[in-house]
2 protein chains.
Amino acid sequence: MATLDDIAKLAGVSATTVSRVINNYGSLSEKTKTKVFEAMRELNYQPNSLARSLKGKKTQLIGVILPGVSNPFFGQMVQEIEDQLFKKGFRIILCNAGSDAEKERDYLRMLMANRVDGIIAGSHNLGIEEYQKVGLPIISFDRYLSDEIPIVSSDNYHGGELAAQALVRSGSKKLQIITGANHPNSPTNARLTGFKDELKKSDLDFDVMEISFSATPNIKGLKIKELLSKREVDGIFCTDDLTALLVIQQAKALGMRVPEDVRLVGYDGTNFIQSYHPELTTVMQPISDIVMVMIDLLLKRVDDHDCELEDNYVLPVKLITGETTA
Amino acid sequence: MATLDDIAKLAGVSATTVSRVINNYGSLSEKTKTKVFEAMRELNYQPNSLARSLKGKKTQLIGVILPGVSNPFFGQMVQEIEDQLFKKGFRIILCNAGSDAEKERDYLRMLMANRVDGIIAGSHNLGIEEYQKVGLPIISFDRYLSDEIPIVSSDNYHGGELAAQALVRSGSKKLQIITGANHPNSPTNARLTGFKDELKKSDLDFDVMEISFSATPNIKGLKIKELLSKREVDGIFCTDDLTALLVIQQAKALGMRVPEDVRLVGYDGTNFIQSYHPELTTVMQPISDIVMVMIDLLLKRVDDHDCELEDNYVLPVKLITGETTA
DNA sequence: TAAAAATTGTCAAACGTTTGACAATTATAA
DNA sequence: TTATAATTGTCAAACGTTTGACAATTTTTA
């Protein structure tokens with residue numbers, strides 16, 4: 001690959017001049033610039049980022065740590081992150097941590113080794129200490145990591161309230177929550193709390209069913225079938241849309257009609273669900289806004305490592321009413 | 001951040017020794033190794049990848065260029081790529097090129113500048129020349145890029161045949177293909193050819209409807225509605241599953257029953273579709289195998305830039321029979 | 001105990017850039 | 001024409017590693 005010296009030789013100028021052209025530094029005549037650009041084009045030259053970064057420039061790389069990308073919610077989030085960061089001249093290293101603490105640790109180490117400019121963390125298998133000693137700008141999505149790391153999330157509590165309201169409004173009496181097995185710091189806790197608090201107002205009964213996040217759709221389907229076949233509930237709140245789809249699937253298999261026999265509210269409201277399952281009533285998280293805020297904060301910290309930021313940024317959610325709560 | 005020299009000082013050895021420990025090079029006593037590792041742990045030291053790579057080591061980074069990641073097919077593919085590459089010690093820079101040639105070009109430049117070890121290209125807005133002058137190991141998914149770049153794909157032709165067979169078998173007479181507006185090099189062409197060739201055997205009639213890939217689901221839905229409401233077709237082959245979901249949606253809205261009034265076959269058969277839409281008959285691409293082959297080839301080229309590879313690697317597809325062709 | 005082997009150290013060049021100091025040349029303005 | 005400004009060049013250090021040559025020291029083996 002061509003180096004700066006090759007360009008200098010071909011353009012008939014000094015290496016310093018080439019560097020000046022690249023960095024637009026010092027004073028340069030149009031003629032020289034043209035010559036240099038010409039040479040660059042001719043050799044298809046790309047300044048070696050490694051060398052530049054080593055010399056102190058930013059890497060223009062952001063690490064993105066998420067549970068995965070095959071799920072529509074995180075898929076859309078990654079897409080947004082990529083899109084918005086690209087426009088600001090940054091690229092992303094994608095880290096799917098799954099629910100594997102060791103992998104997340106490895107990735108964290110690697111991101112440090114690669115001197116990324118910052119990290120967006122949306123996966124949280126690790127303890128606080130591990131994130132504290134990273135020493136890079138970090139923004140967290142939806143979970144507490146450490147006192148210095150700002151959290152961006154949507155209003156989970158209100159989302160829970162909205163879900164409850166929708167079910168109550170549609171005349172459900174025997175309510176059921178289906179949620180992932182919840183970690184202590186999990187955001188879904190607030191969804192539950194909001195839901196429960198709202199229900200207190202109408203004095204209705206409800207049950208909670210926990211299904212591990214890592215359960216396959218088949219397993220989840222079985223548990224849901226078990227639940228539905230008792231025919232004891234007439235209103236269900238799933239804390240994610242995919243689980244809600246399984247409920248629809250199982251209900252249909254059991255000959256139960258939605259919304260006549262059972263009402264249903266999901267959570268997340270991704271573009272995917274809105275386009276391909278508009279029938280589902282769901283609480284929409286404003287993914288694009290969440291990402292916008294995360295990136296804004298992150299880049300502030302990239303420019304100034306010690307810049308003061310709030311601890312928490314909470315964005316509003318919105319109920320999308322479909323036919324499952326008609 | 002701690003440097004190699006800091007470690008040397010803390011461990012009371014020379015910088016060379018530390019480097020030897022890191023690279024497991026030369027001869028070293030257990031005692032020294034322990035001391036050095038101890039110091040590394042104490043300072044949370046990570047060898048600067050930039051410096052290492054500059055000195056000639058690999059970057060352990062692979063660029064992945066795809067149309068996007070919010071679509072379940074590419075979402076699952078990225079997940080596979082990440083998963084398999086991680087196990088081999090590589091990380092990925094994710095490049096969503098969409099259908100934007102300029103963006104793809106930018107990303108290609110950036111990947112060169114960052115000295116990635118190789119590239120997996122699954123997005124194809126650019127001409128051959130652009131890929132030829134990259135000078136890095138590249139593997140292409142499902143599209144011809146240049147004579148030196150191996151193509152890995154699944155058997156699109158046979159997939160088309162399978163789809164046709166399924167529709168014919170289910171008694172459809174008036175067939176319709178719904179596909180993306182096709183580029184000359186697009187793999188969906190082979191799907192169509194296979195479909196058409198198979199139909200010739202039974203002497204059935206069919207029509208082709210093209211809908212641009214970049215059309216929103218709403219627009220697609222409208223076109224499908226228009227088509228269905230004529231009630232002239234009784235068997236539809238969609239060259240991707242998401243479009244098939246829209247057909248189901250529109251059919252239901254129009255009071256048409258699937259499969260009684262119209263039969264339907266999709267394409268891709270992602271985990272997502274298999275779990276959340278098992279009712280859909282579809283042709284499954286073996287994503288995991290495709291990725292395995294791509295990575296295998298790519299890493300061969302990473303180790304030896306000039307290693308000889310076949311031009312084409314075609315993996316088998318499989319019909320998954322659901323209820324839409326019952 | 002002497003010879004051989006293993007361990008560690010010193011030193012320096014190299015990777016490809018950026019940047020500052022300074023000098024030399026060229027162009028421009030008074 | 002001269003003084004001034006703009007342009008370009010030379011040189012070298014720095015970024016954090018790796019690696020080879022070589023020497024010095026310690027340990028092991030015979």
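Note on naming: letters A, B, ... go to the chains in the order of the sequence lines (proteins, then strands), and numbering restarts at 1 for each one. A quick note: this is a predicted structure, and the numbers were derived from the prediction, not measured.
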- Item | Ring-ring centroid check B:F272 B:F73, cutoff 6.0 Å | no
Where the side chain of [X] meets the backbone of [Y], is there a donor-acceptor pair that is under 3.5 Å apart?
X: A:N23; Y: A:Y25; answer: no
X: B:Q76; Y: B:N271; answer: yes
X: B:Q79; Y: A:S70; answer: yes

- Query: Which is true for B:L28 with a 4.0 Å heavy-atom rule: it touches a base, it touches only sugar-phosphate, or it touches nothing?
  - Reply: sugar-phosphate
- Query: Just checking B:S27: base, sugar-phosphate only, or nothing, at a heavy-atom cut-off of under 4.0 Å?
  - Reply: base
- Task: Take A:V314 and A:I151 through the side chain to side chain contact (heavy atoms under 4.5 Å, CB included) test and state the conclusion after the steps.
- Result: CA-CA 8 Å; A:V314 178; A:I151 306 169; over 6 Å; no
- Message: On the nucleotide C:dT8, are OP1 or OP2 found under 4.0 Å from the side-chain N or O atoms that B:T32 carries?
- Response: yes
- Item | Under 4.0 angstrom between B:T17 side-chain N/O and C:dG9 OP1 or OP2 | yes
- Quick tally for nucleotides 17-26 of chain C: nucleotides whose base has a protein heavy atom under 4.0 Å get B, sugar-phosphate-only ones S, the rest -, giving BBBBB-----
- Task: Heavy atoms only: give me the nearest A:S153-A:F141 pair and the separation to one decimal.
- Result: CA-CE1, 4.5 Å
- Item | Closest to the A:S14 side chain, choosing from D:dT10, D:dT7, C:dG9 | D:dT10
Euclidean distance, atom [atom1] of residue [X] to atom [atom2] of [N] [Å, nearest integer]:
X: A:K9; N: D:dG9; atom1: NZ; atom2: C1'; value: 16 Å
X: A:L54; N: C:dC15; atom1: CG; atom2: C1'; value: 9 Å
X: B:L50; N: C:dA14; atom1: CG; atom2: P; value: 22 Å

